[in-house]
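Working notes, beginning with the structure itself.
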Protein chains: 2
Amino acid sequence: MDNQRHIVVLGAGFGGLTFCQTFHHSTARVTIVDRQNHHLFQPLLYQVASAGLAAPDIAQAIRSILTGEKDVTVLMDDVVDVNLSTKLVTLGKETLHYDYLVLGLGGVTSYFGHPEWEQFAPGLKSLDDAIRIRRKILLAFEKAEREMDVQQREKLLTIVVVGGGPTGVELAGAFAELRRYVLAKDFDHIDPAKARVILIEASPRVLSHLSEYLSELTEKTLTKLGVELMVNTRVKDITAGCVELQTGEKILAENIVWAAGVGASPITKKLGVELDKAGRVKVNPDLSLPNHPEVFAIGDMALVLDKEGKAVPGVSPAAMQMARHVAGIIYDELEFPARKRRPFKYWDKGTMATIGRSAAVAQIKKLEFNGFLAWIAWLVIHLFFLVGFRNKISVLWQWAYSYFTYKRGARIITGIHEQDATRDLGNLV
Amino acid sequence: MDNQRHIVVLGAGFGGLTFCQTFHHSTARVTIVDRQNHHLFQPLLYQVASAGLAAPDIAQAIRSILTGEKDVTVLMDDVVDVNLSTKLVTLGKETLHYDYLVLGLGGVTSYFGHPEWEQFAPGLKSLDDAIRIRRKILLAFEKAEREMDVQQREKLLTIVVVGGGPTGVELAGAFAELRRYVLAKDFDHIDPAKARVILIEASPRVLSHLSEYLSELTEKTLTKLGVELMVNTRVKDITAGCVELQTGEKILAENIVWAAGVGASPITKKLGVELDKAGRVKVNPDLSLPNHPEVFAIGDMALVLDKEGKAVPGVSPAAMQMARHVAGIIYDELEFPARKRRPFKYWDKGTMATIGRSAAVAQIKKLEFNGFLAWIAWLVIHLFFLVGFRNKISVLWQWAYSYFTYKRGARIITGIHEQDATRDLGNLV
């Protein structure tokens with residue numbers, strides 16, 4: 001097997017997994033690396049944070065997904081460094097040499113030069129993030145129930161979401177429903193329905209990637225749910241339990257969630273290639289890196305321009321299309337060495353966001369949907385793309401149950417007495 | 001409302017919850033206290049530890065369960081002290097005065113005078129325990145896949161369960177199936193099916209509360225699953241990754257789970273009443289404490305003798321029967337003050353344990369079941385008693401899926417990068 005090519009894939013998100021499932025060639029073997037043991041269905045992560053779904057509902061073991069792919073090796077490890085000139089990837093436990101490299105590590109929460117805000121306003125990128133937010137919000141209501149001081153109680157009952165993109169809108173809607181429908185009747189001394197949910201957006205409207213009409217509808221729906229919308233509003237500083245606006249106004253809130261910025265995985269900084277402001281790699285039309293035809297970036301790590309010169313959005317269909325494109329290029333190169341590489345073409349399948357019960361907005365090119373129809377479309381599409389038959393049925397059941405009972409199944413607080421999680425990890429990562 | 005009696009219930013296990021759902025009297029109000037926000041269905045906890053079920057599947061928010069009970073107040077808090085002479089319960093955040101007190105705090109893992117073993121051999125009493133065991137076992141296979149040292153790899157692939165009662169047998173069976181059916185085909189460098197699962201029991205047989213015939217059947221089934229059974233075997237010492245037996249033999253194992261001893265909640269030591277060796281309160285025939293007719297102990301905290309002088313076992317049906325008994329006594333006392341208290345009578349509904357796929361044992365008085373029939377009975381009974389319709393359907397689905405696919409839905413590792421869980425708790429507990 002000496003002349004087998006080694007293809008290393010970093011990241012088991014939609015891009016990395018799709019590549020492993022698409023690419024097969026008798027003269028190549030594939031190694032996929034991820035720091036988690038599971039693939040995560042990020043579009044539903046906000047439902048774990050708001051107690052609607054259990055963590056295992058939206059995650060699946062990578063080994064289990066790829067169990068049928070005999071040419072794929074799965075490694076659970078951290079990516080420490082990538083050296084493009086020696087073609088070496090340094091992991092926590094070993095170093096891999098590659099013939100082809102596919103970078104699909106996705107994004108991280110970005111605080112626009114204020115990393116110190118992270119401890120006060122967590123982002124939502126992993127299951128641990130979601131469980132932590134769920135814990136802190138449920139605990140805030142428990143604390144408020146026992147709090148005698150009025151101001152302190154109001155602070156406990158205030159949730160601020162920073163960022164009016166899809167994640168921010170979906171989180172704000174889910175929190176608003178949590179306090180109005182799920183928790184409302186279960187306390188003696190507080191009225192959870194009166195808890196404040198504030199959504200802060202710097203630009204003039206939420207969901208600014210959609211049409212103005214859909215933004216307006218979204219804002220109306222959020223307002224009806226009792227979300228306090230603050231558009232054209234910039235955050236100046238975030239400290240423990242306090243958001244300070246550019247105007248100097250301070251909002252006291254036990255829970256602050258950051259949904260304002262996503263940047264590419266910081267590993268891109270080690271590549272020595274040109275990046276955009278978000279840290280994304282400026283790739284060639286075929287998705288390879290300048291001067292490195294054997295290295296590709298896909299998904300949220302790549303800055304890809306479509307034919308109108310607009311950046312392809314960081315959504316899962318884009319990552320999957322890029323993965324299939326790269327799989328095709330590498331296959332062709334091994335099978336028909338003379339063939340010229342094709343440029344990547346993004347097929348925009350549209351975009352959508354859910355706001356709450358029976359409410360969603362969707363835009364497919366010029367076509368716009370909203371309300372119940374868009375919501376049903378959202379449900380069907382998300383179930384379809386959720387990995388694993390077990391998860392599809394499980395999520396469908398949780399949704400049906402929550403829809404009819406106004407209850408949420410994952411309303412549990414875990415991890416309070418957990419201090420030694422990192423100890424278990426030992427020398428693995 | 002000045003002459004309303006205040007009934008304080010400590011613990012929202014089967015006993016405490018059943019009391020709140022059963023007891024209603026116009027001149028009394030009830031306060032239930034638990035350190036968690038959720039009721040936990042402990043009989044299925046081992047399935048969370050072995051990646052079969054998600055944590056929210058076997059837990060339900062206490063407030064949600066009791067939302068219809070308008071005379072019940074729910075407090076999430078730690079119980080710090082109980083003073084029987086002043087009738088005061090000290091919690092983390094406040095002090096409660098009671099007219100009646102119901103102690104239902106359940107049990108804790110007991111290490112027979114070796115509390116230092118806990119850090120190396122965790123017990124299984126809470127969701128956090130279960131998630132921690134799941135994480136550590138799944139991580140051990142990931143580490144083994146990368147380990148070059150043969151001895152070290154063998155250690156990583158060894159799981160020791162100490163204690164051959166129902167929990168130990170169910171855990172050993174579930175781990176044995178996990179490695180043989182679920183993980184078997186997903187690794188390149190190790191054969192998970194060859195991982196060792198060792199069950200250590202001090203007495204001559206496992207499940208010693210059942211008949212010898214059923215113990216023998218259980219042992220045969222476990223052996224068929226590849227569990228190494230060590231009966232008549234005592235543990236001398238446990239250190240990091242090592243179980244030392246009384247014989248001096250040392251077993252190296254990355255994962256050691258303690259299922260050997262359960263003791264009553266340590267709060268019983270503060271009562272100043274007579275306890276048995278396990279720390280259980282020796283109660284009067286009516287379940288009240290000697291010299292304290294207004295205080296009752298139920299469930300795993302109480303030592304109750306049946307008519308043959310045998311202790312009523314620490315199982316959920318017993319706790320629920322005791323709760324109903326105490327609810328009846330207090331109701332009678334408020335409604336018919338002259339009526340004499342009846343003694344508690346335990347109705348033994350039998351006992352059962354599951355060993356693996358299609359295998360279980362059950363004993364109902366003289367009647368014995370085993371194999372597929374007992375397994376189906378086990379499934380039906382556990383689904384029936386699992387709290388919450390959502391959870392019943394969800395668990396039924398996971399079981400059906402796992403049965404037919406040999407996969408487990410909760411095979412995910414969470415909490416690795418979680419260090420600040422305790423910070424969120426603040427001054428609540």
Side-chain angles (χ1 to χ4, degrees), chain A residues 36-38 54-57 59-61 63-64 67 73-77 93-94 119 126-128 131-132 135-136 138-139 142-143 145-146 183 185-188 388-391 393-394 397-398 401 405 407 409-422 424-429, chain B residues 36-38 54-57 59-61 63-64 67 73-77 93-94 119 126-128 131-132 135-136 138-139 142-143 145-146 183 185-188 388-391 393-394 397-398 401 405 407 409-422 424-429:
Chain A
Q36 306 282 8
N37 84 319
H38 52 267
D57 288 338
Q60 185 132 344
R63 293 187 187 283
S64 177
T67 190
T73 297
V74 179
L75 296 181
M76 180 180 168
D77 210 335
K93 292 251 314 174
E94 64 186 287
Q119 55 182 313
S126 69
L127 285 178
D128 288 336
I131 290 170
R132 178 158 182 243
R135 174 171 60 231
K136 202 168 175 213
L138 293 178
L139 270 173
E142 296 291 338
K143 287 181 189 173
E145 170 82 347
R146 316 283 294 280
L183 304 178
K185 291 174 190 160
D186 292 353
F187 292 80
D188 289 333
F389 182 60
R390 185 203 79 91
N391 290 355
I393 300 294
S394 189
W397 163 241
Q398 320 288 349
Y401 178 82
T405 64
K407 289 189 177 186
R411 190 181 149 189
I412 61 164
I413 298 170
T414 54
I416 290 180
H417 308 96
E418 180 86 14
Q419 285 169 305
D420 43 11
T422 44
D424 297 336
L425 202 60
N427 59 354
L428 180 70
V429 178
Chain B
Q36 306 282 8
N37 84 322
H38 53 269
D57 288 338
Q60 184 132 347
R63 292 187 188 284
S64 177
T67 190
T73 298
V74 179
L75 298 181
M76 180 180 169
D77 209 336
K93 291 251 314 175
E94 63 186 289
Q119 55 183 313
S126 69
L127 286 177
D128 288 336
I131 291 170
R132 179 159 182 243
R135 172 172 60 230
K136 204 171 173 210
L138 293 177
L139 271 174
E142 295 292 338
K143 289 181 190 174
E145 170 82 348
R146 316 284 293 280
L183 305 178
K185 292 175 190 158
D186 293 353
F187 292 81
D188 289 332
F389 181 60
R390 185 202 79 91
N391 290 355
I393 301 294
S394 189
W397 164 241
Q398 319 287 351
Y401 178 82
T405 65
K407 289 190 177 186
R411 191 180 149 189
I412 62 165
I413 296 170
T414 54
I416 290 180
H417 309 95
E418 181 85 15
Q419 284 168 307
D420 43 10
T422 45
D424 297 336
L425 202 59
N427 59 355
L428 180 72
V429 178

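In this text, all values refer to a predicted model and were calculated from it rather than measured experimentally. In the text below, chain A, chain B and the rest are named by the order of the sequence lines, each starting its count at 1.
- Interface residue A/Glu94: backbone and side-chain heavy atoms are both found under 4.5 Å from chain B.
- Side-chain atoms of A/Asp128 never come within 3.5 Å of backbone atoms of B/Thr414 as a donor-acceptor pair (strictly under, hydrogens ignored).
- In this structure, CD1 on A/Ile412 lies 9.0 Å from CD on B/Gln36, to the nearest 0.5 angstrom.
- Although no hydrogens or angles enter the test, the distance criterion places a donor-acceptor pair under 3.5 Å between the side chain of B/Asn37 and the main chain of A/Arg411.
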Could you check B/Arg63 against A/Glu142 for side-chain contact (heavy atoms from CB on, under 4.5 Å), going step by step and ending with a plain yes or no?
CA-CA 10 Å; B/Arg63 292 187 188 284; A/Glu142 296 291 338; 2.8 Å; yes
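- Using a 4.5 Å cut-off between heavy atoms, A/Ile413 contacts chain B through both its backbone and its side chain.
- Contact record, A/Gly409 with B/Pro56: O-CB, 3.7 Å, taken as the closest heavy-atom pair.
- The choice from A/Gly388, A/Ser64, A/Ala410 that makes the most heavy-atom pairs within less than 4.5 Å of chain B is A/Ser64.
- A perpendicular orientation is assigned to the rings of B/Trp397 and A/Phe389, their planes being inclined by more than 60° (bins at 30° and 60°).
- Side chain of A/Arg146 to backbone of B/Met76: a donor-acceptor contact under 3.5 angstrom is found.
- When each of A/Thr73, A/Leu183, A/Ile393 is scored by its heavy-atom pairs under 4.5 Å with chain B, the top score falls to A/Ile393.
- Only the side chain of A/Lys407 comes within contact range of chain B, with at least one heavy atom under 4.5 Å from a heavy atom of that chain.
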